[in-house]
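To start, the structure itself, in structure tokens.
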2 protein chains.
Amino acid sequence: MNDTNPSLAIHTAVALFTIRERLEFLCLDQGRLPMAVLEAGEGLEASARRALGVATGIEDVFLEQLYTFDGGRDGPQATVAYYALAPCEQLPISRPGVGWADPADAATRLHNDHRIIVQRACERLAGKLEYAPIAYQFLAERFTLGELQAVYEIIGRQALDKRNFRRRIQASAHLVETHDVRRNGCHRPARLYRLRDTQPMIARSPVRP
Amino acid sequence: MNDTNPSLAIHTAVALFTIRERLEFLCLDQGRLPMAVLEAGEGLEASARRALGVATGIEDVFLEQLYTFDGGRDGPQATVAYYALAPCEQLPISRPGVGWADPADAATRLHNDHRIIVQRACERLAGKLEYAPIAYQFLAERFTLGELQAVYEIIGRQALDKRNFRRRIQASAHLVETHDVRRNGCHRPARLYRLRDTQPMIARSPVRP
DNA sequence: TAGGGTTGGTGTATGAATGACACAAACCCA
DNA sequence: TGGGTTTGTGTCATTCATACACCAACCCTA
């Protein structure tokens with residue numbers, strides 16, 4: 001029942017992204033992303049979550065399938081890659097062998113096959129930013145428009161006009177204004193917003209690849 | 001070396017679409033899409049092409065990975081789904097057990113897991129139509145603007161204004177005008193166009209899922 | 001060979017969305 | 001109390017999207 005033939009296996013791999021000043025991904029010291037071997041009776045997404053849980057202790061994050069790569073050198077093999085997004089506050093990861101890296105450094109930090117995963121994930125992130133509410137996955141439940149704009153600027157790699165950005169966001173109607181503000185420094189406090197709770201959360205196959 | 005344990009397998013499945021008046025997909029009489037079991041040393045895309053070749057005899061078509069599904073009842077299993085596009089002229093398929101079906105009838109023609117593949121493929125097709133030059137995959141090398149518009153209307157499921165459509169297409173600069181026309185019926189002949197040959201052909205992971 | 005039927009091909013005017021741009025408000029700190 | 005910093009707001013110009021009508025070229029039939 002338990003087939004352990006190493007030449008035939010389905011792997012899952014996860015690129016977990018967060019934003020702390022810059023966009024960063026979670027990287028194991030061996031130059032790999034968190035991975036798992038798919039077990040009997042286990043779903044692919046469950047396997048990916050398990051991989052992430054083993055490496056980091058967290059499992060409750062946004063997770064979406066990215067692409068499936070063939071690793072077939074010795075036998076029929078496939079690696080189903082996922083990407084995950086989480087706000088950095090939720091990530092008290094301080095385990096040995098686990099760290100963060102800049103996607104631009106992926107080439108030096110990761111083995112080839114995993115480098116491609118990170119690169120593709122960045123591309124999809126930037127593309128999807130424009131039409132899907134994924135930016136919110138990097139933020140806490142309540143956030144300021146300034147924080148949201150920073151996410152868009154970091155992922156989209158370009159500065160945005162504050163007024164035009166706010167107009168665009170308000171028009172998308174994803175947000176609701178709360179009655180609270182956040183005092184964050186020696187300046188005017190910022191109003192807090194949250195995602196409209198009727199927001200259907202999407203974690204499906206891309207419609208627009 | 002040759003592992004034939006049926007409880008651990010990687011499958012590929014292909015939904016081949018074409019347009020003949022309507023959008024249609026290729027459907028085997030057993031209510032399945034063309035499939036293959038990934039072999040040792042075989043790439044995923046190669047496996048999908050093989051599946052299509054076995055069922056139809058053709059292999060040289062646009063093919064893109066769609067999504068990977070887990071079929072894990074008895075063991076670790078995965079089905080990597082692809083979708084393929086081809087002009088109907090290239091498809092002289094008249095084999096027993098192979099036919100065409102309307103995606104709207106997929107529910108009655110296909111088993112559940114394959115129905116989802118067709119449905120997702122239709123969604124991606126419609127989404128991708130707007131920003132990627134996939135419509136040309138349904139046309140011969142040279143085609144008229146009327147034919148191209150028909151493809152857009154069928155996949156996008158809405159009628160388009162002729163003049164606005166033409167302006168949009170001309171603006172995209174994907175096309176070059178040829179010096180020939182096609183006489184097609186009892187009306188004015190239509191100018192023939194072809195894809196600009198410097199067009200980088202994309203068959204990659206979706207950037208915008 | 002003339003006229004009717006059919007599809008191919010073209011321009012303009014209006015409203016909507018986008019992009020550029022500057023200044024006062026609120027807070028903290030010195 | 002004044003300087004520094006981020007929040008928050010409106011307008012104008014340009015571009016983009018939409019709606020819309022007629023002649024051209026061909027084939028077929030009478």
- [ ] Evaluate ring-ring contact (aromatic ring centres under 6.0 Å, His included) for Phe69(A) paired with Tyr67(A), printing each intermediate quantity in order.
- [x] CA-CA 6 Å; Phe69(A) 301 87; Tyr67(A) 198 74; 5.1 Å; yes
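Scanning for side-chain hydrogen bond (donor to acceptor under 3.5 Å, both in side chains) contacts around Arg115(B) gives Asn112(B), with sequence neighbours left out. Residues satisfying the side chain to side chain contact (heavy atoms under 4.5 Å, CB included) test with Arg191(A), not counting sequence neighbours, are Glu177(A), Val181(A), Tyr193(A). Listed by chain and number, the residues in a side-chain hydrogen bond (donor to acceptor under 3.5 Å, both in side chains) with Arg167(B) are Asn164(B) (sequence neighbours excluded).
Within the 4.5 Å cutoff, no side-chain heavy atoms of Gln77(A) are placed close to those of Asp70(A).
Side-chain contact, Glu64(A) with Tyr83(A): a donor N or O sits under 3.5 Å from an acceptor N or O.
Backbone-only contact: Arg191(A) has heavy atoms under 4.0 Å from sugar-phosphate atoms and none from a base.
The separation between Gln149(A) atom CD and dT6(D) atom C1' is 12 Å, rounded to whole Å. Distance, Leu148(A) CG to dT6(D) C1': 16 Å, rounded to whole Å. The nearest whole Å value for the distance from the CD atom in Gln170(A) to the C1' atom in dG8(D) is 11 Å. Between the CZ atom of Arg182(A) and the P atom of dG8(D) there is a distance of 11 Å, rounded to whole Å.
Looking at which nucleotide of DNA chain C each of Arg166(B) and Arg183(A) is closest to, the 5′-most match is held by Arg166(B). Nearest-nucleotide mapping onto DNA chain D: of Cys186(A) and Gly146(A), the residue sitting toward the 5' end is Cys186(A).
Put simply, chain A comes within 4.0 Å of DNA chain C, heavy atom to any atom, from dT18(C) to dC28(C), going 5' to 3'.
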Open item on the list: How would you summarise protein contacts on nucleotides 17-24 of chain D per nucleotide, using B for base, S for sugar-phosphate only and - for none, with heavy-atom distances below 4.0 Å?
Closed with: -BBBB--B
Distance-only donor-acceptor hits, side chain of residues 15-38 of chain A, under 3.5 Å, sequence neighbours excluded:
| residue | atom | partner | partner atom | Å |
| --- | --- | --- | --- | --- |
| Thr18(A) | OG1 | Ala86(A) | O | 2.7 |
| Thr18(A) | OG1 | Cys88(A) | N | 3.1 |
| Arg20(A) | NE | Glu24(A) | OE1 | 2.8 |
| Arg20(A) | NH2 | Glu24(A) | OE1 | 3.1 |
| Arg32(A) | NH2 | His111(A) | ND1 | 3.4 |

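Residue-environment remark: CZ (Arg49(B)) exceeds the threshold of 12 foreign heavy atoms within 6.0 Å.
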